[in-house]
Every structure is written in C-alpha cells, then in structure tokens.
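The structure presented is a predicted model; accordingly, all values stated were derived computationally and were not measured. In what follows, every chain begins at residue 1, and chains take the letters A, B, ... in the order their sequences are listed.
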Protein chains: 2
Amino acid sequence: MTLKIYADRMSQPSRAVIIFCKVNGIDFEEIRIDLSKRQHLSPEFKDINPMRQVPAIVDGRFKLFESHAILIYLACVFPGVADHWYPTDLFKRAKIQSVLDWHHSNLRRGAATFVVNTALAPALGLQRNPQAAAEAEKHLSSSLSKIESFWLKGSGHFLLGSNQPSIADLSLVCEIMQLEVLDEKDRNRILGPHKKVQQWIESTRNATRPHFDEVHKIVFKVKERLHTSKEKSETESGVKTALNSKM
Amino acid sequence: MTLKIYADRMSQPSRAVIIFCKVNGIDFEEIRIDLSKRQHLSPEFKDINPMRQVPAIVDGRFKLFESHAILIYLACVFPGVADHWYPTDLFKRAKIQSVLDWHHSNLRRGAATFVVNTALAPALGLQRNPQAAAEAEKHLSSSLSKIESFWLKGSGHFLLGSNQPSIADLSLVCEIMQLEVLDEKDRNRILGPHKKVQQWIESTRNATRPHFDEVHKIVFKVKERLHTSKEKSETESGVKTALNSKM
C-alpha cells in the first residue's frame, strides 16, 4: 500500500516531508489539506490527525503526525535512504535530535509567528499583531545568529559541520524558506546579516534539486499574489488620498 | 569517565533526565547550574552549552543538550535501560517521538509560560504579564485536554495506551509537576478537570519511586517559600490597610 502524505505545501514542515520522499525515491500519494480552506478542521482529517495539523502520514495501518517524527520514521523504515539523512551512528544521531528539538522553541517559534503576524495574517483572515511580530522578529534573529555561529560551525556546508544534509538541514531550511513571502524590506533586514545561513540554504537547495524548487513553487506564487494585492491596495489608497486632497 | 549532568532541579527537563538516570541505575555526577543565580549565563557553562540552557550532559568527550535528545541518547547507549523507555520497535518509537515533538509547542509552551508569568516571575526578577498568563492558560488547558482525550486513550496507565512508562511519560509529567508551585486556586482550576491526567501523574510517580519524590523535593520547597512570602506580603498589606483606615 502506498504511503499517504496529508499536506499543504504552504506549510513548511509539509514541504520538508514531501522533499525528503522525492529525494529518496519514496513512492507516495500526496493528499492536499488546504489550510486556507480550513480543511484541516474537517471531521475526515480529524480521523487522520486529531491534532488537526499537517503534515500527517498513513503508512498501511500506521498513522503518524509531527514532521520530525515522520522524517525519522521514513528514514528508518524505507530502504535506500542514504545514511547521512539520519545516521545510524548514535552520536551523530543524538546531535541531529538536539538540533531538531532546539528548532521547535527557537527558529520555528520565531519564524512562524513573524510570518503569520506580518505577511500571511490577511490571507488567513487574522488581524496582524505588531507587538507579537516585533517579539517574534527578535526571537527569529537570535535563532538565525545561533545557527550561524553554532550549528553551522565547522568546515562542512551543512549543520553540525557535515558534508551532506540531514533531516535537520531540510527541516530548518524549509522553515526559513517561509520568509520568502515577506516584503523584500523585511526579509532583507532579517536574513541579510546572515551570509552563512544564506549559503547553507543554497547548499541544501542544490543537494535536493530539482525537488526543492518544485515543492517551493507555491511559496513564490503566494509571494507574488501578496505583493500584487499589496500594490493594488496601495494604488487604491493613493487614488483615494489624491481624490481626498482634491475634495 | 562518569557521565556529567549539568542541571537545576527547578527546571522540569533537568528533573526528567536526573530521574531517568536514577531509575535506570546510570551512574552520574550532578553539577548544579543555579538558574536563580544566573549560573547558566557564565562563560564556563557556555563551553558546555552555548545555548545556555539546562540540562546539558558531558559523556566523555561528547557534549549534548536538549532534554529529549539527552533522554534518547541515554536510553540508546547505556546498557540495562529497559526497552519500554524507548522501544526498539520502530512503530512504537515513532509514536513516542511524535508525543515528544508535540510536547514542545503545546504542553511545554503553555505550562512554562503560565508558571513564569504567575508564580515564578518575582523570584526570577521578572514582571508578571497577565495577558501572557491568560493566553498560556488557554494553551495549557487545551494541551491537558488533548493528553486526556488522545494521548492517554487506551487501557494502559501510560501514554499511547502503554502499560509501562516511556521517556515521553517522564518528560511530560515533569512538565506538569511544575504546576505545583502555583497557588492552589490556580492549580485546581487548571488540573482539576483532568482526572485521567492526575491518575497518570500518580502512575508515573509510582513507577519511578523513590527517585521521583526525591528529585521533586525542591519544587515543594519553592512552593512553600512562595506561599509564605505571599502570606507575609498579604499580612503586611493588611496591616497597612488597617493603619491607613485609622489615619
């Protein structure tokens, strides 16, 4: 029975799982759970993941959610996954686990909160919360600094000084790729100072091409849509201002 | 060389790691990093964990932080750890990983934020933030409901319907034990409705006695101290009010 992946490619952990499967030749069926249509709240999806979050997988009779758990499971049970993704060496594995755990309360928390409270709020029907965004930016910038100064220490192109990517590289880079939907100004302010992080994103992208680009297409489409609608609303407001000034 | 654990027993993940070692007969040296004295910010500790958080371990030349990563590492490398703590069965292991990942953004986020913004703020030299506490309480109550209705589903006394505890039981129960420092009123309001959670805490405590009680002693001491200082300040303010009313 084919592995089923319930995902929305606008969710960064969904993308990490899909890219992982594609890169490693794991056959799967992708079932889209459209977050903007609130399909994750449907009773059908509750049977798959009672926590109502994507991604989730069904492998035969086995159901699993939480992207890190899914990546570890897939790396362990599917034959042909290269060792560097989740090494059998217990010391290397422990370090990757440490990065993944750190990710939850640091990079993920900062990045997801910032993106939701700036670029994505209107599309999700939410109010922007500038205070939450400001705090999240601090958290995010501090996390990027720590990636740069600590996790990317060493001679390799990947986390933990490695020469090949692990599931942690994929998970964290997909998180940072979410920043693509921001205004260029915001994105440059946040990512600009972190040259090593930018190189590492490029290395991870190169190591997982063409799947990385294909799975991220939607992010760039959403960015374009947000940009166009922002320009439109600015033009309209400009017209209104001009009209008002003439009245 | 003996395993070194850098910990403060007032930190819930520190307690989980210490209890795990004691229960499983893992010999270790406990090095106290007193958070209230800001010892986690010292240059010496930065060499152990550049993220400046407890717990952290040093096992020979190997350094590791993040409590879930530490628990998994210890369960894998130390002989004599019973299989139920972190089963070799990949399906059971994946489910435990899923609970641990879920913990980060749900129970931990709610519980830690609530406790810091209510009972512990003055002791940590912080201002209480009632809005953050209110939001955290919602998050915490929702997490406890999910533990009760989903993670504790099944006939066993432990998470995932198991008959014996795993590292996930220990980690999550130590988190909830932090609620002991709250005012009784707050604690009862939050924990009261969750009878199954209360039974599960008791089961985990029983399965890890006497170490569970010994390692948690400090929490009850801090509770007593906070309670006494609150009573004192209430009496003083009562005296002041009485005096003022006579002036």
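Looking at E66(B) and H104(A), their side chains never come closer than 4.5 Å, going by heavy atoms from C-beta outward. At least one side-chain heavy atom of D101(A) sits under 4.5 Å from a side-chain heavy atom of D101(B).
A donor-acceptor pair under 3.5 Å links the side-chain atoms of S98(A) to the main chain of F65(B), judged by distance alone.
Atoms CG and CE, from N106(A) and M51(B) in turn, are 7.0 Å apart once rounded to the nearest 0.5 Å. Distance check, rounded to the nearest 0.5 Å: CD of Q97(B) to CG of L71(A) gives 10.0 Å. One distance of note links CZ of F91(B) with NZ of K63(A); it measures 15.0 Å at 0.5 Å rounding.
Surrounding NE2 of H194(B) are more than 12 heavy atoms belonging to other residues, nucleotides or ligands, all under 6.0 Å away. Residue-environment remark: NZ (K92(A)) stays at or below the threshold of 12 foreign heavy atoms within 6.0 Å. Surrounding NZ of K22(B) are more than 12 heavy atoms belonging to other residues, nucleotides or ligands, all under 6.0 Å away. For NE2 of H157(A), the number of neighbouring non-hydrogen atoms (other residues, nucleotides, ligands) closer than 6.0 Å is 12 at most.
Each of Q53(A), R93(A), R108(A), K146(A) has some count of heavy-atom pairs under 4.5 Å with chain B, and the biggest count is that of K146(A). Ranking A94(A), S149(A), S105(A) against chain B, the residue ahead of the rest is A94(A), based on heavy-atom pairs under 4.5 Å.
Remark: K95(A) is positioned above the aromatic ring of F62(B), its terminal NZ or CZ atom under 6.0 angstrom from the ring centre and at most 45 degrees off the axis.
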